[in-house]
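Chain identifiers are assigned alphabetically (A, B, ...) following the order of the sequence lines, protein sequences preceding nucleic acid strands; residue numbering begins at 1 within each chain.
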Amino acid sequence: MSRTILVAVAWPYASGSRHLGHLAGAYLPSDIFARYHRMIGSRVLMVSGSDVHGTPITVRADQEGVSPQEIVDRYHAEFVSNWDDLNMQWDLFTTTGTENHHAVTQDVFMRLYEKGHIDKRSSEQFYDPEAQRFLPDRYVEGTCPHCGYKDARGDQCDNCGRTLDPIDLIEPRSKLSGATPELRTTEHFYLRLTDFEEQLGEWLRGRKGWRKHVLNFSLGWIEEGLQDRAITRDIDWGVDIPVDGLGPGKKIYVWFDAVIGYLSAAKEWAASQGTPEAWRDWWENPEAEHYYFIGKDNVPFHAIIWPAMLMGYGGLELPTDVPANQYVTFKGGKASSSRGIGLTIPEALAAYEPDALRYAMAANLPEQSDTEISEEEIARRINEELVATWGNLVNRVLSMTAKNFDGAVPDPGPLAAEDESLLATIDETLVTSAQQLERVELRAALRTAMEGAQAVNAYLNALEPWKTAKTDIERTATTLSVAIDAIEGLTVAFSPYMPVTSAAARQMLGAPEIDGWTRRGVEPATPLGQIAPLFAKVETATD
RNA sequence: GGCGGCGUAGCUCAGUUGGUAAGAGCGCUCGACUCAUAAUCGAGAGGUCGGCAGUUCAAGUCUGCCCGCCGCUACCA
């Protein structure tokens with residue numbers, strides 16, 4: 001029976017270009033996983049979209065003298081273009097700016113409110129009289145009361161690392177205008193996370209196969225005790241609060257609405273298909289599996305807050321797994337486009353072919369620990385592994401076949417033990433890589449596929465078809481035919497990672513489109529396609 | 001400060017519930033081959049598994065302390 005899979009992908013924040021850390025953290029793994037599931041016949045719904053609300057976007061808009069919508073439109077267009085270049089296969093990539101999303105967010109808010117999981121409280125916040133705006137903690141700067149550092153942020157001092165309360169800053173000033181902020185009382189709605197503490201703990205302790213950094217981190221939050229959390233902000237850019245009582249100038253907090261995007265996007269997708277109820281197959285179906293692809297900084301939102309919201313709402317499915325990735329680091333530091341650390345996705349796409357970039361990043365996915373990446377590392381992965389082992393394998397086999405057998409797949413004749421053995425190895429490659437993909441061990445599954453390619457190279461070196469071509473054409477036919485069948489099988493394993501070149505390789509082999517996670521081989525006498533190298537080597541900085 | 005993760009070969013990383021002489025890829029050395037994008041294949045060198053002390057018949061794997069790196073710390077998203 002075919003499985004029902006929701007591939008939920010972190011919503012990129014439309015405040016600037018995304019970088020390779022984001023690509024490796026969430027987008028590439030989700031696409032690989034979704035493609036695998038489509039190949040084995042699962043019903044996949046892969047959704048995400050641009051996250052368009054929040055203070056940083058309004059600040060940037062002010063700085064540039066444009067509307068927040070202009071900022072959002074610019075980066076949303078860039079993301080869509082990136083995904084297109086990378087051949088990301090979304091079922092829907094929308095934004096949180098749609099009417100549908102606002103309506104679904106308000107529905108979730110109202111339901112939680114009516115069930116008593118949201119209440120109203122007041123607190124004191126810094127307000128910038130010049131910018132006429134309440135300031136998030138990190139937009140208040142001043143002198144650290146602990147170490148005297150002059151440019152401490154309101155949430156944390158970058159010098160001594162201590163967590164701060166902006167009220168404790170000496171000589172506080174607004175990061176926006178430099179003005180001295182004043183304290184004002186403000187009312188907000190709070191999500192009562194404490195209502196779900198026990199239920200969340202029980203649920204989390206029952207999770208199997210979750211990465212330990214995800215599970216331990218989440219359980220740590222539970223053990224420390226959850227805190228109720230404000231879910232509205234003093235801002236005019238966001239989703240309207242669907243109940244009266246707070247007065248103007250307040251919106252729903254961007255993070256509360258962003259996670260709801262997984263649900264609203266499913267509804268938008270269903271409506272766009274002309275089957276408006278179809279979202280229920282994923283969200284109200286206990287058999288459905290939900291996988292959330294995010295970076296580790298988002299673990300609390302996906303393993304604590306969003307599940308709590310779902311529990312409170314009732315009748316919707318909780319995450320099956322949250323395979324959060326760690327960080328990609330450049331020269332030891334976390335990638336950051338705002339600080340210019342590491343390549344942005346547009347920069348990387350300008351430098352590398354999409355499939356080659358996908359290979360290099362997939363081979364370095366930070367699944368267990370932070371992974372150090374450099375342009376040298378990307379070039380090494382492409383030149384020393386991808387081109388040398390896989391690209392060259394396809395090229396050497398096809399070249400020999402074209403030359404010796406009139407550009408068509410030869411008839412293998414009876415197979416010898418070593419022929420059967422190679423094909424068994426490739427079949428095993430597909431079995432093993434599928435198991436690893438199921439566990440979201442994407443790096444390992446790619447490695448497995450490469451080992452399959454090495455096995456074919458070793459087989460060729462052992463049977464030396466370039467020699468037998470002069471002495472035993474039947475043996476040569478067997479060798480090359482078996483190698484072609486093996487390569488056909490490997491294109492299946494590589495396809496989730498490198499869809500374009502895998503399809504190109506199949507065309508060269510004369511193989512039909514992939515049908516299932518299995519080796520099918522190529523019929524004898526099938527004419528080969530136009531042969532060309534699958535990948536080009538990249539120049540390295542030192543060349 | 002608190003919490004979490006990490007610290008394993010020159011580099012990038014794997015090492016399930018503790019158990020045969022510690023692994024992979026790349027790099028390096030030697031050899032084979034020369035069909036192929038000087039690509040491939042084989043062999044080899046290379047590690048006190050951050051440090052110290054424990055538990056155990058047995059620890060990279062468990063416990064404690066220490067050192068270092070990264071992240072989070074609930075109002076960045």
Ring center gap for A/F109 and A/F189 short of 6.0 angstrom: yes
Look at all strands and tell whether A/F535 reaches a base, only sugar-phosphate, or nothing, counting heavy atoms closer than 4.0 Å. base
Has the side chain of A/N392 got a donor or acceptor atom sitting under 3.5 Å from an opposite partner on the base of B/A36? yes
Go through B/C76, B/G71, B/A77 for me and flag the one nearest to the A/R138 side chain. B/C76
Identify whether any heavy atom of A/F301 sits under 4.0 Å from a base atom; if not, whether one sits that close to sugar-phosphate; answer base, sugar-phosphate or nothing. base
Taking the same atom, C1', in B/G27 and in B/G44, what whole-Å distance lies between them? 14 Å
Of A/R133, A/H188, A/K251, which meets side chain to side chain contact (heavy atoms under 4.5 Å, CB included) against A/D234? A/H188
I want to check one thing: is the phosphate of B/C35, taken as OP1 and OP2, less than 4.0 Å away from some side-chain N or O of A/R396? no
Provide, to the nearest angstrom, the distance between the CD1 atom belonging to A/I304 and the P atom belonging to B/A74. 15 Å
Compare side-chain N and O positions of A/K467 against OP1 and OP2 of B/U34 and report whether any pair is under 4.0 Å apart. yes
Between B/C13 and A/T371, is there an OP1 or OP2 to side-chain N/O distance shorter than 4.0 Å? yes
Atom-to-atom span, CD of A/E377 to P of B/C26 - whole angstrom: 12 Å
Tell me whether the centres of the aromatic rings in A/H117 and A/F196 are closer together than 6.0 Å. yes
Rounded to whole angstroms, how far apart are CH2 on A/W221 and C1' on B/C3? 11 Å
Take the protein atom CD of A/Q326 and the nucleotide atom P of B/C13, then report the distance between them rounded to whole Å. 11 Å
Whether A/K175 contacts B/C76 is assessed here as follows: a side-chain N or O lying under 4.0 Å from the phosphate OP1 or OP2. Is that the case? no
If we take the C1' atom in both B/A24 and B/G46, what is their distance in whole Å? 15 Å
Using ring centroids (six-membered ring only for Trp), state whether A/F293 and A/Y27 fall under 6.0 Å. no
With a 4.0 Å cut-off on heavy atoms, is A/Q227 in touch with a base, just the backbone sugar-phosphate, or nothing at all? base
Answer yes if the ring centres of A/H22 and A/W11 are under 6.0 angstrom apart, and no otherwise. no
Give the rounded distance in Å between these two atoms: CG of A/D168 and P of B/G1. 19 Å
Report which part of the nucleic acid A/V254 touches: base, sugar-phosphate, or nothing (heavy-atom distance under 4.0 Å, all strands). sugar-phosphate
Within the 4.0 Å heavy-atom criterion, would you say A/I382 contacts the bases, only the backbone, or no part of the nucleic acid? nothing
Looking at B/G5, I'd like to know if its phosphate oxygens (OP1 or OP2) sit under 4.0 Å from a side-chain N or O belonging to A/N216. yes
Mind checking the P distance from B/A22 to B/C49? Whole angstroms is fine. 11 Å
Residue-phosphate contact under 4.0 Å: A/K537 side-chain N/O, B/A39 OP1/OP2: yes
In whole Å, what is the span from the OH atom of A/Y327 to the P atom of B/G5? 15 Å
Short N-O contact, A/E384 and A/R380, less than 4.0 angstrom: no
For B/A14 and B/G47, measure between their C1' atoms and round to the nearest Å. 15 Å
Could you give the CG-to-P distance, from A/L226 to B/U73, as a whole number of Å? 15 Å
May I ask you to evaluate whether A/Y459 reaches the phosphate of B/C41, defined as a side-chain N or O under 4.0 Å from OP1 or OP2? no
Under 4.0 Å from OP1 or OP2 of B/U37: is there any side-chain N or O of A/T389 that close? no
Describe the nucleic acid contact of A/G225 in one word from base, sugar-phosphate, nothing, applying a heavy-atom distance below 4.0 Å. base
